[in-house]
Trainee: 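Before we start, here is the structure in question, set down as C-alpha cells.
These numbers come from the heavy atoms of this one structure, side chains and all, not from hydrogens, waters or symmetry mates. Everything numeric in this text was worked out from a predicted model, so none of it was measured.
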Amino acid sequence: MGFLANKRILLGVTGGIAAYKSADLVRRLQDAGAEVRVAMTPAAREFIAPLTFQALSGNPVHCDLLDPAAEAAMGHIELARWADAVIVAPATADFLAKLASGAADNLLLATCLATAAPIALAPAMNQGMWSKASTAANVELLRSRGFTLLGPDAGSQACGDIGPGRMLEPLAIIAGLDTLFSSDLLAGKKVVITAGPTREAIDPVRYISNHSSGKMGYALAAAAAAAGADTWLISGPTALATPERVKRIAVTSATEMLEATLSAMAGCHLFIGSAAVADYRPLSVAEHKIKKKDQSGTTLTLVLEKNPDIIATVAALPNRPLTVGFAAETCDLEVHARQKLDSKNLDAVIANDVSRTDIGFNSDDNQVLLVTAGGADWLPLMNKSKLAQELIARLAARL
Ligand code: C5P
C-alpha cells in the first residue's frame, strides 16, 4: 500500500485540454486508497462537465465561490481544512500566475490560499507558454514558497507543437503525491488494534463482561491513523465513536474478536492488543432465557471454559507483526509485565496500575510503564489521547 491510503485529496482542475486526464486521475487516486473531492475553475468547466467528476468521486463538485447554497454545504474554508493535500492537475499558466500573485477570485484559488495542506501542481500548457520568462518566474516563486511541481513532461502537444508542457500521466502524478506523505511516522504501515471488552453469552439476554471502556484502544487507533497508518480497530461493544479514517470491525465475543483479528492480519506491521478480552466464556450457551423457576435451590452454577488468547495467537503467527500487549496490574507492574512479555512472546507490554482510581479503565488519563526486552520506561501521567500519540511514536520507531 502506498502513502495515499486514507488521505483526503482535493483535486483542482483548471481550464486546459489535459483536463480529460483528470477524470482518470480521480480513479487512480481512489485506487491508491484516497478520498477525493474535486474543485473546478470556471474555465475547466468549458472542457469537462462537473457531472463527470461528481460521478467518479462520489462527491459534489466544488465550483462556485459566491454561491450561497454551495458555500453552506461545504464552503472553501471547510474544504481547505478537509484536504490533507491539494493537487491541481492540469494547472494552466494563468492559474500558476494567479496562484503566485496570491489571487483568490475563484473557489480553487481561494481554497489554495486558505489551506494549510501541501499543494502540488501538475502544469499543462503549450510549450511556448511554459518557456516564457513570466511562467518560469511564477514557477520559481511557487517552488520557493513550498509548492511541489510535478512535471511537466515533454513531447507532442494537443496543439501540434512538440516540447515541454504536457501534463504528467496520472500514475506519475500519484507517485509524486505519494512522496508528500512518505515522512509520516506510520506512512505505508498497517496497524491492527483490539479494544474494549468482550461479552460472553450465558443465554440470549445475559452475558459475562468487564468494565473496559475502550478509550485507550480508540485513542491509539486515532493516533495511528493520524500518523498515516492504515488502521483497523477490532472493537468489542463500547459507547465510543469510531475515530476518523479508522476501519472499525465491531465484534462481541472473544471468539469473534480472534476471528476478525486473524482476518485483518494480512500485511499488518503492528498489532496492539488493548482489548480486555474475557478469559473465560460459558461452556454452553442456553438456547432460551434461563428461568429462575426452573432452578432448584438458591445457587446457579455456570461452567466456564477458557477463551483463546488473541495476542498470543498473533505472536505465534509465522510472519508476525510487531506485537504489543497491555497488562492491567495491581502490584509489581514490571515483574508481571515482563512475565507477560515472555509467556506470550510479545515485543512490548504497556503496563498500568488498575488499583489507582485516577487512571486506567474508565478514566480519561493514564500513566504507563513501557516494558520491552531491553528495559522499562515510565511515561508520565497524561490524557489518553496524548499518551496514545507518545506510544505510537515510540512503537513506530521500533518498526
Ligand atoms: O493475560 P492478560 O489478560 O493479563 O494479558 C493482557 C494482554 O493480553 C492484553 O494485551 C490483552 O488484550 C491480551 N489478551 C488477549 N486475549 C485474551 C486475553 C488477553 O489478546 N484472551
Trainee: Test your reading of the model: is there a side-chain donor-acceptor pair from R338 to the backbone of T372, 3.5 Å cut-off?
Mentor: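 The answer is yes, because a donor-acceptor pair under 3.5 Å joins these two groups.
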
Trainee: When you measure from the side chain of S235 to the backbone N and O of A250, does any donor-acceptor pair fall under 3.5 Å?
Mentor: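 Here the side-chain-to-backbone pair does not exist.
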
Trainee: Tell me every residue that passes side-chain hydrogen bond (donor to acceptor under 3.5 Å, both in side chains) with S355, counting only those two or more places apart in sequence or in another chain.
Mentor: D353

Trainee: Rounded to the nearest 0.5 Å, how far apart are CD1 of I174 and CG of L150?
Mentor: 10.5 Å

Trainee: Hey, are D365 and R356 close enough for a salt bridge, meaning a charged N less than 4.0 Å from a carboxylate O?
Mentor: no

Trainee: Is K386 salt-bridged to E390, going by a charged N under 4.0 Å from an acidic O?
Mentor: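 No, no charged N to carboxylate O under 4.0 Å.
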
Trainee: List the residues meeting side chain to side chain contact (heavy atoms under 4.5 Å, CB included) with A97, not counting sequence neighbours, and say none if there are none.
Mentor: N138

Trainee: Hey, does the side chain of K189 reach the backbone of A224 with a donor-acceptor pair shorter than 3.5 angstrom?
Mentor: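 No: the side chain of K189 does not pair with the backbone of A224.
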
Trainee: Output yes when a side-chain donor or acceptor of T194 lies under 3.5 Å from a complementary backbone atom of S274, and no otherwise.
Mentor: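 Checked: pair present.
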
Trainee: Are D347 and R398 within salt-bridge range, i.e. N to O under 4.0 Å?
Mentor: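 Judged by the 4.0 Å cut-off on N to carboxylate O distance, D347 and R398 do not form a salt bridge.
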
Trainee: Considering only NZ, NE, NH1 and NH2 on the basic side and carboxylate oxygens on the acidic side, decide whether R143 and E140 come within less than 4.0 Å.
Mentor: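 Yes, this pair counts.
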
Trainee: Distance-only, no hydrogens or angles: does the N366 side chain make a donor-acceptor pair with backbone N or O of K384 under 3.5 Å?
Mentor: no

Trainee: Should T52 and Y20 count as side-chain neighbours, where that means a heavy-atom distance under 4.5 Å?
Mentor: no

Trainee: What distance do L369 atom CG and L333 atom CG have between them, rounded to the nearest 0.5 Å?
Mentor: 6.0 Å

Trainee: Can a donor-acceptor pair be found, under 3.5 Å and without considering hydrogens, that links the side chain of N106 to the backbone of T41?
Mentor: no

Trainee: What's the spacing between W378 CH2 and L370 CG if we round to 0.5 Å?
Mentor: 11.0 Å

Trainee: Is there a side-chain contact (heavy atoms from CB on, under 4.5 Å) between I290 and I202? Walk through the geometry before answering.
Mentor: CA-CA 9 Å; I290 298 170; I202 297 170; 3.9 Å; yes

Trainee: Got a second to check how far L283's CG is from L302's CG, nearest 0.5 Å?
Mentor: 10.5 Å

Trainee: Rounded to the nearest 0.5 Å, what separates atom SG in C112 from atom CG in L10?
Mentor: 7.0 Å

Trainee: Tell me which donor-acceptor pairs under 3.5 Å the side chains of residues 128-136 have, and how far apart each pair is, sequence neighbours excluded?
Mentor:
from : atom 1 : to   : atom 2 : distance (Å)
S131 : OG     : Q127 : O      : 2.7
T135 : OG1    : M129 : O      : 2.8

Trainee: So if I apply the side-chain contact (heavy atoms from CB on, under 4.5 Å) rule between M257 and each of I249, I234, N307, which one comes out positive?
Mentor: I234

Trainee: Quick one: do K98 and D94 make a salt bridge, cutoff under 4.0 Å?
Mentor: yes

Trainee: Would you check if the side chain of T14 reaches a backbone N or O of A44 as a donor-acceptor pair within less than 3.5 Å?
Mentor: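 Checked: no pair found.
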
Trainee: Report the C-alpha separation of I350 and N352 in whole Å, then their side-chain angles, then the decisive distance to 0.1 Å, and conclude whether the side-chain contact (heavy atoms from CB on, under 4.5 Å) test is met.
Mentor: CA-CA 7 Å; I350 300 161; N352 64 318; over 6 Å; no

Trainee: Let me know which of N59, V36, I48 forms a side-chain contact (heavy atoms from CB on, under 4.5 Å) with F53.
Mentor: I48

Trainee: Can a donor-acceptor pair be found, under 3.5 Å and without considering hydrogens, that links the side chain of H62 to the backbone of H76?
Mentor: no

Trainee: Please answer whether the main-chain N or O of A89 pairs with a side-chain N or O of S22 as donor and acceptor at a distance below 3.5 Å.
Mentor: yes

Trainee: Test your reading of the model: is there a side-chain donor-acceptor pair from T115 to the backbone of A80, 3.5 Å cut-off?
Mentor: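 Checked: pair present.
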
